[in-house]
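One structure below.
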Amino acid sequence: MRRSRLATLALTLAASVGVTLSLAAPVQAAPSDRYVALGDSYASGVGADSYTSESGNCLRSTNAYPALYNTNIKPASYRSVACSGATTADVINSQLSALSSTTTLVSVTVGGNDVGFANIMSTCVLQGETQCVAAVQSAMNVASTAMPGRLANVYNGIKSRAPSARVVVVGYPVFYQLGTTCVGLSATSRAKINEGINLLDDITRTAAVSAGFTFADVRSIFVGHQLCSYGTKWLHALNVLSLSKSYHPTAAGQSGGYYPVFRAAAG
């Protein structure tokens with residue numbers, strides 16, 4: 001009788017542990033997912049090379065995090081309409097039409113072009129510290145006043161067209177590791193650029209959470225792989241021979257930084 005009770009107790013405990021483990025396990029990506037990727041050059045994969053011929057000037061790379069998700073997870077369907085240079089208005093006007101009521105997973109990275117990332121970096125490289133700090137501060141003012149509303153418009157559009165979809169909003173990496181020996185921009189300029197990126201990411205996270213979406217924050221995983229870091233760089237520095245690549249993730253940045261963060265957030 002004692003052995004029977006012990007066996008029963010053991011089975012009960014095992015069953016309880018099994019239930020606990022199954023409840024704690026993360027939701028896995030569904031092979032039946034219908035996935036659409038939206039956004040700008042960080043989502044299209046500028047800087048990661050291996051661009052698809054169909055994407056033209058949008059420069060969609062097979063090494064971009066949405067394409068890597070498609071390759072590794074193999075959802076039922078996949079379409080990327082992410083495009084180099086896209087703003088929030090471009091996403092609304094040209095990309096949301098790719099969504100439908102059958103879409104079950106959406107990713108979006110957008111906002112950098114609204115605040116003029118490219119122009120800021122040009123100013124910082126060509127005009128010096130004073131102009132750099134002023135340009136970043138101007139962009140931060142735009143981000144604080146305009147971006148919450150612009151992002152809300154994008155997110156509301158996604159919800160309207162794909163009401164049943166899981167939506168992952170993917171942010172931007174901070175460009176520079178501070179406190180290291182680094183040629184080029186001054187320490188003040190680098191710190192101000194980082195401040196601006198952090199502000200945009202924080203505004204984006206707040207807007208995403210407010211919309212009921214998941215925010216995938218890539219800032220931590222890029223630490224040690226930023227410009228001026230001592231590790232393998234996951235971001236292109238200024239490239240005068242290929243300006244479009246400058247300050248964008250490399251293929252390693254997409255696969256080692258963006259993809260695992262998005263994969264974890266997407267389920």
Side-chain angles (χ1 to χ4, degrees), residues 27 29-30 32-46 52 54-61 64-67 69-70 73 75-118 139-172 197 199-218 258 261-263 265-267:
V27 175
S32 60
D33 266 336
R34 298 185 178 279
Y35 170 37
V36 177
L38 313 174
D40 58 22
S41 55
Y42 281 71
S44 71
V46 171
T52 62
E54 57 78 28
S55 65
N57 292 333
C58 285
L59 298 177
R60 286 188 283 272
S61 169
Y65 75 83
Y69 186 88
N70 177 54
I73 305 304
S77 67
Y78 162 69
R79 184 182 179 192
S80 175
V81 291
C83 190
S84 177
T87 63
T88 52
D90 293 323
V91 171
I92 291 170
N93 295 328
S94 304
Q95 298 184 16
L96 291 186
S97 58
L99 305 176
S100 73
S101 60
T102 63
T103 304
T104 60
L105 176 63
V106 178
S107 65
V108 57
T109 300
V110 73
N113 292 313
D114 286 74
V115 298
F117 264 2
M140 291 173 67
N141 295 340
V142 171
S144 296
T145 57
M147 290 311 297
R150 293 181 189 181
L151 291 169
N153 288 338
V154 171
Y155 302 159
N156 287 336
I158 293 173
K159 286 192 285 189
S160 175
R161 288 182 173 269
S164 301
R166 308 189 312 282
V167 181
V168 180
V169 177
V170 188
Y172 298 98
I197 296 170
L199 176 65
L200 179 59
D201 271 333
D202 290 343
I203 289 171
T204 303
R205 176 177 56 196
T206 298
V209 171
S210 179
F213 297 164
T214 299
F215 180 68
D217 195 332
V218 300
Y258 266 91
V261 174
F262 172 64
R263 170 70 182 87

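None of these values were measured; they are calculated from a predicted model.
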Query raised in the report: What are the two closest non-hydrogen atoms of Ala216 and Val168, and how far apart are they?
Result: CB-CG1, 3.8 Å
Query raised in the report: Does any donor atom in the side chain of Thr109 or Tyr65 lie under 3.5 Å from an acceptor atom in the other side chain?
Result: yes
Report summary line: When every non-hydrogen atom of Ser84 is compared with those of Asn57, the smallest separation belongs to CB-O, 3.8 Å
Requested in this report: Using atom types as modelled and distance alone, determine if a side-chain donor or acceptor of Arg150 lies under 3.5 Å from a backbone N or O of Ala89.
Outcome: no
**Report entry** Sequence neighbours excluded, every pair satisfying ring-ring contact (aromatic ring centres under 6.0 Å, His included) that has a member inside residues 144-171
**Finding:** Tyr155-Phe213
Query raised in the report: If you measure from CZ on Phe215 to CG on Asp201, what distance do you get to the nearest 0.5 Å?
Result: 4.5 Å
Query raised in the report: So how far is it from Arg79 CZ to Leu38 CG, rounded to the nearest 0.5 Å?
Result: 10.0 Å
Query raised in the report: With a 4.5 Å heavy-atom cut-off, do Asn70 and Pro75 have their side chains touching?
Result: yes
Query - Candidate list Asn113, Asp114, Asn93, test side chain to side chain donor-acceptor pair (under 3.5 Å), partner Thr88, passing option - result: Asp114
Report summary line: Taken in chain and number order and not counting sequence neighbours, the residues that satisfy side chain to side chain contact (heavy atoms under 4.5 Å, CB included) with Ala143 are Val115, Met147, Leu199, Ile203
Report task. Examine distances only and state if a side-chain atom of Arg60 and a backbone atom of Ala82 form a donor-acceptor pair shorter than 3.5 Å. Result -> yes
Query raised in the report: Looking at CE of Met140 and CD1 of Ile197, how far apart are the two atoms once the value is rounded to the nearest 0.5 Å?
Result: 11.0 Å
Query raised in the report: Where is the tightest heavy-atom contact between Ala86 and Val110, given as atom of each residue plus distance?
Result: O-CG2, 4.0 Å
Query raised in the report: Roughly how far apart are Thr103 OG1 and Arg34 CZ, rounded to 0.5 Å?
Result: 8.5 Å
Report task. For Arg161 and Leu96, work out which heavy atoms get closest and say how close. Result -> CD-O, 3.0 Å
Report task. Compare every heavy atom of Ala165 with every heavy atom of Val106, then report the nearest pair and how far apart it is. Result -> CG2-CB, 3.9 Å
**Report entry** Intermediate values then yes/no, side-chain contact (heavy atoms from CB on, under 4.5 Å), Gln95 and Val36
**Finding:** CA-CA 10 Å; Gln95 298 184 16; Val36 177; over 6 Å; no
**Report entry** Sidechain-backbone polar pair: Ser44 side chain, Ser41 backbone, donor-acceptor under 3.5 Å
**Finding:** yes
Report summary line: Scanning both residues in full, the closest heavy-atom pair of Ala64 with Ala43 reads CB-O, 3.5 Å
Query - Atom pair OH/OG of Tyr258 and Ser107 - distance to nearest 0.5 Å - result: 11.0 Å
Requested in this report: Check the angle between the aromatic planes of Tyr172 and Tyr42 and answer parallel, tilted or perpendicular using the 30° and 60° thresholds.
Outcome: perpendicular
Query raised in the report: CD1 of Ile92 to CD1 of Ile158: how many Å apart, nearest 0.5 Å?
Result: 9.0 Å
Query raised in the report: Side chains of Asp90 and Thr87: is there a donor and an acceptor less than 3.5 Å apart?
Result: yes
Requested in this report: Decide yes or no on side-chain contact (heavy atoms from CB on, under 4.5 Å) for Val170 and Val218, but give the supporting numbers first.
Outcome: CA-CA 7 Å; Val170 188; Val218 300; 4.1 Å; yes
Requested in this report: Scan residues 76-110 for pairs that pass ring-ring contact (aromatic ring centres under 6.0 Å, His included), counting only residues two or more places apart or in two chains.
Outcome: Tyr35-Tyr78
Requested in this report: Check for a donor-acceptor pair, side chain of Ser210 on one end and backbone N or O of Thr206 on the other, with a separation under 3.5 Å.
Outcome: no
